[in-house]
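Worksheet for the structure shown next.
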Amino acid sequence: LEKSIEDLILLDVHRSFQGLIEIKAINHDSLVNVLNVYAYSNPKVRYCQGMNFLAGYLLLILGNESDAFKYFSCLIERFQMHNLYIQDVPLLKQYFFELDRLIFLHCPELSEYFIAEGLSMSYFSSAWFMTCLLYTSPSPRDRG
């Protein structure tokens, strides 16, 4: 695996799940291992920001690297999520378009406001889609 991919994974894992890693709910090394193995096993996709949240939550729920990797790989393959993470992110662009259309159809005043202000769906929805809405989820520690 290229050093730059490993470095990016280390950086992202360090930045995400800070509270959970600090309380040992998610093992930092295990998350790095799951992401490195996936990047190695799928050279077309490798690694993209956002994958760390999905893999991390699977690791938190399943409790071991092997199952987290298996389910992570299965989710990406079964739901064709690789198109969300490959270069030029075609699925992400499709999601932006669809969200824009849904807002236009169901909330026309909001759509007009976004257009008037020059706001793109990507400004606020990119992290939602890239992390399968996990980025906005409260951590178990925040739930009380």
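We're numbering straight along the sequence, starting at 1.
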Please determine whether residues [X] and [Y] belong to a single hydrophobic cluster, defined as Ile, Leu, Val, Met, Phe, Trp and Tyr linked transitively by side-chain heavy-atom distances below 4.5 Å.
X      : Y      : value
Leu119 : Phe124 : yes
Ile115 : Leu102 : no
Leu35  : Leu11  : no
Leu110 : Leu99  : yes

Using only atom types and a distance under 3.5 Å, with no angle test, would you say the side chain of Asn33 pairs donor to acceptor with the backbone of Leu31?
no
Can you check whether Glu65 reaches Asp29 side chain to side chain, under 4.5 Å on heavy atoms?
no
If every non-hydrogen atom of [X] is compared with every non-hydrogen atom of [Y], which pair is closest and at what distance?
X      : Y      : result
Ile86  : Pro90  : CG1-CD, 3.8 Å
Ser30  : Leu59  : CB-CD2, 3.6 Å
Ala39  : Ile9   : CB-CD1, 4.4 Å
Ala68  : Val34  : CB-CG2, 4.2 Å
Ala127 : Thr131 : O-OG1, 2.6 Å
Met81  : Leu75  : SD-O, 3.6 Å

Nearest 0.5 angstrom please: [X] [atom1] to [Y] [atom2], how far?
X      : Y      : atom1 : atom2 : value
Gln49  : Leu8   : CD    : CG    : 5.5 Å
Asn36  : Glu6   : CG    : CD    : 5.0 Å
Met121 : Asp100 : CE    : CG    : 5.0 Å
Leu84  : Ile76  : CG    : CD1   : 8.5 Å
Met130 : Asn52  : CE    : CG    : 10.0 Å

Residues which pass side-chain hydrogen bond (donor to acceptor under 3.5 Å, both in side chains) with [X], listed by chain and number, not counting sequence neighbours:
X      : value
Gln94  : Glu98
Ser120 : Ser122
Ser111 : none

With no hydrogens and no angle check, do the side chains of Asn64 and Asp67 hold a donor and an acceptor under 3.5 Å apart?
yes
Examine the side chains of Asp12 and Tyr47 and answer whether a donor and an acceptor come within less than 3.5 Å of each other.
yes
Output every pair passing ring-ring contact (aromatic ring centres under 6.0 Å, His included) with a member in residues 58-112, not counting sequence neighbours, ordered by first then second residue.
Tyr38-Phe72, Tyr95-Phe129
Of all residues at least two apart in sequence or in a different chain, which pass the side chain to side chain contact (heavy atoms under 4.5 Å, CB included) check with Val89?
Leu92, Lys93
Taking salt bridge (Lys or Arg N to Asp or Glu O under 4.0 Å) as the test, write out the residues that go with Asp88, two or more places apart.
none
